[in-house]
Amino acid sequence: MNTRIEKIAGMVKEGVIVADIGTDHAFLPILLVKEGKVPKAYACDVSKGPLEAAAKNIRREGVKVQTILSDGFQNVPMDTECAVIAGMGCITATSILDNALDRLGILKQIIVEVNRDTDRMRRWISDHGFTINDEILIQDRGFDYIAIDFDCRPHSPYSEREILLGPRLLEKNEECFIEYCTRQRQKIEMIMAKCRPDDPRIEALTKKRDLWSLE
């Protein structure tokens with residue numbers, strides 16, 4: 001089990017019925033049921049191939065997890081209380097959420113973890129007036145991942161800094177987050193160093209670099 005899956009599982013509330021949308025190998029729902037953290041879990045995917053692999057893993061582990069062929073939330077049972085959308089691109093994740101806006105309000109918890117463009121994911125949450133409850137920075141096999149826990153309770157728009165860095169990560173200000181911000185700032189500075197003085201990107205890059213500064 002990789003660190004990313006374990007950390008996301010740690011965010012799931014005790015006792016909820018969870019649907020892992022885009023489950024792939026079903027590692028997350030298997031772990032949640034095996035540890036007794038949730039009473040019921042659904043492993044959902046749009047493709048038959050991943051679901052077949054998921055079913056094999058479920059049988060091997062001897063746990064009770066139901067596999068469901070579903071395009072996003074389409075066939076996800078209505079008793080689901082927590083939805084997890086992890087390990088996919090931001091455009092795919094937001095598309096799934098956009099197509100299920102009428103269902104999101106009844107969920108107790110929504111956890112998203114996108115491969116990149118986490119700021120775009122936060123902007124989607126902000127634009128819909130939803131509330132970010134928690135965020136964790138996950139470092140696994142040399143890569144950085146950010147998982148976001150949110151729900152549909154109303155919230156005022158987040159600031160540009162909060163959208164880029166994360167409101168909960170800023171509040172916690174953990175050492176790993178400080179180091180992460182430093183790496184992001186250094187990447188931007190490397191790009192800026194290669195730019196000509198009249199490069200039209202300089203202004204936007206400077207603004208973004210300054211937002212990553214925690215001073």
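Nothing here was measured: the structure is a model prediction, and the numbers come from that model.
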### Task
Check the pair Val38 / Glu14 against side chain to side chain contact (heavy atoms under 4.5 Å, CB included), numbers first and verdict last.
CA-CA 6 Å; Val38 304; Glu14 294 272 355; over 6 Å; no
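- Contact check for Lys172 versus Asp134: side-chain heavy atoms found under the 4.5 Å cut-off.
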### Criterion side chain to side chain contact (heavy atoms under 4.5 Å, CB included) on Thr80 and Val18, from CA distance to verdict
CA-CA 6 Å; Thr80 297; Val18 64; over 6 Å; no
#### Entry: Steps toward salt bridge (charged side-chain N to carboxylate O under 4.0 Å, His left out) verdict (Arg122, Asp117)
CA-CA 9 Å; Arg122 291 195 192 97; Asp117 300 325; over 6 Å; no
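- Using a 4.5 Å heavy-atom cutoff, the side chains of Ile136 and Ile146 are not in contact.
- Within 6.0 Å of atom CG in Leu101, more than 12 heavy atoms from other residues, nucleotides or ligands are found, so the atom counts as buried in its surroundings.
- With hydrogens and angles disregarded, a donor-acceptor distance shorter than 3.5 Å links the side chain of Thr94 to the backbone of Cys90.
- Ile8 has its side chain within reach of Ile138: a pair of non-hydrogen atoms, C-beta onward, lies under 4.5 Å apart.
- Using a 30° and 60° split on the angle between ring planes, Phe143 and Tyr145 fall in the tilted class, from 30° to 60°.
- Annotation for Thr131 and Pro154: closest pair OG1-O, 3.5 Å, computed over non-hydrogen atoms.
- For Arg161, the CZ atom is densely surrounded, since the number of other residues' heavy atoms within 6.0 Å is greater than 12.
- Glu113 contributes a side-chain N or O that, together with a main-chain N or O of Gly87, makes up a donor-acceptor pair within less than 3.5 Å.
- Residues Asp151 and Leu107 form no side-chain contact, since every pair of their non-hydrogen atoms from C-beta on lies 4.5 Å or further apart.
- In this structure, the separation between CZ on Arg185 and CE on Met190 is 14.0 Å, given to the nearest 0.5 Å.
- Atom-to-atom distance recorded for Lys56:NZ and Glu52:CD is 7.0 Å, nearest 0.5 angstrom.
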### Query
Between Phe27 and Leu31, is a side chain to side chain contact (heavy atoms under 4.5 Å, CB included) present by the stated rule, with each step listed?
CA-CA 6 Å; Phe27 293 144; Leu31 178 61; over 6 Å; no
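- In plain terms, the two heavy atoms of Glu135 and Pro167 that are nearest each other are OE1-N, 3.3 Å.
- In this structure, Asp98 CG and Ile91 CD1 are separated by 11.5 Å, a value rounded to the nearest 0.5 Å.
- Both Leu170 and Ile148 belong to a single network of hydrophobic side chains, linked directly or stepwise wherever heavy atoms of I, L, V, M, F, W or Y lie under 4.5 Å apart.
- When side chains are defined from C-beta on, Ile110 does not count as touching Phe130, because their heavy atoms never get closer than 4.5 Å.
- Between the side chain of Ser47 and the backbone N or O of Pro50, no donor-acceptor pair lies under 3.5 Å.
- Between the side chain of Thr23 and the main chain of His25, no donor-acceptor pair closer than 3.5 Å is present.
- Under the 3.5 Å distance criterion, the side-chain polar atoms of Thr67 are left unmatched by any main-chain donor or acceptor of Ala43.
- Side chain of Asn57 to backbone of Ala26: no donor-acceptor contact under 3.5 angstrom is found.
- Considering all non-hydrogen atoms of both residues, Cys44 and Val76 come closest at SG-CG2, 4.0 Å.
- A donor-acceptor pair under 3.5 Å links the side-chain atoms of Arg168 to the main chain of Ile132, judged by distance alone.
- Shortest non-hydrogen contact noted between Ala86 and Arg4 is CB-NH1, 4.1 Å.
- For Phe73 against Ala100, the heavy-atom pair with the smallest separation is CD1-CB, 3.3 Å.
- Checked by atom type and distance alone, the side chain of Asp20 never pairs as donor or acceptor with a backbone atom of Pro29 at under 3.5 Å.
- With contacts defined as side-chain heavy-atom distances shorter than 4.5 Å, the pair His155/Ile125 does not qualify.
- Residues in residues 27-51 take part in these salt bridge (Lys or Arg N to Asp or Glu O under 4.0 Å) pairs, two or more places apart or across chains: Lys34-Glu61, Lys40-Asp79.
- Between the SG atom in Cys82 and the CD1 atom in Ile111 there is a gap of 4.5 Å [rounded to 0.5 Å].
- Around CZ of Arg196, the count of heavy atoms belonging to other residues, nucleotides or ligands within 6.0 Å does not exceed 12.
- A single hydrophobic cluster is seen to contain both Val112 and Leu137, as judged by linkage of ILVMFWY side chains at heavy-atom distances under 4.5 Å, directly or through other members.
- The side-chain heavy atoms of Ser70 and Ile21, taken from C-beta on, include no pair separated by under 4.5 Å.
- Residue pairs meeting the salt bridge (Lys or Arg N to Asp or Glu O under 4.0 Å) criterion with at least one partner in residues 101-112, sequence neighbours excluded, are Glu81-Lys108.
- Without hydrogens or angle criteria, Gln139 side chain to Asp144 main chain gives no donor-acceptor distance under 3.5 Å.
- A continuous path of Ile, Leu, Val, Met, Phe, Trp and Tyr side chains, each step under 4.5 Å between heavy atoms, connects Leu164 with Trp124, placing both in one hydrophobic cluster.
- Checked for salt-bridge contact, Asp149 and Lys13 miss the test: no charged N lies under 4.0 Å from a carboxylate O.
- Using a 4.0 Å cut-off between a side-chain N of Lys or Arg and a carboxylate O of Asp or Glu, Arg123 and Glu160 qualify as a salt bridge.
- In terms of modelled atom types and a separation under 3.5 Å, the side chain of Thr182 and the main chain of Ile178 share a donor-acceptor contact.
- Pairs of residues two or more places apart, or lying in two chains, that qualify as ring pair (Phe, Tyr, Trp, His ring centres under 6.0 Å) and include a residue from residues 179-215 are Tyr180-Trp212.
- With rounding to the nearest 0.5 Å, the separation of OG1 in Thr206 from CD in Glu189 is 10.0 Å.
- Pairing each heavy atom of Asn75 with each of Leu69, the nearest pair is ND2-O, 2.8 Å.
- Here the NZ-CD1 distance, from Lys208 to Ile191, works out to 8.0 Å after rounding to the nearest 0.5 Å.
- Annotation for Lys207: atom NZ does not count as buried by contact number, only 12 or fewer foreign heavy atoms lying within 6.0 Å.
- The cluster map of Ile, Leu, Val, Met, Phe, Trp and Tyr, joined by side-chain heavy atoms under 4.5 Å apart, puts Ile96 and Ile68 in different clusters.
- The hydrophobic clustering, which links ILVMFWY residues whose side-chain heavy atoms are closer than 4.5 Å, places Met121 and Leu104 together.
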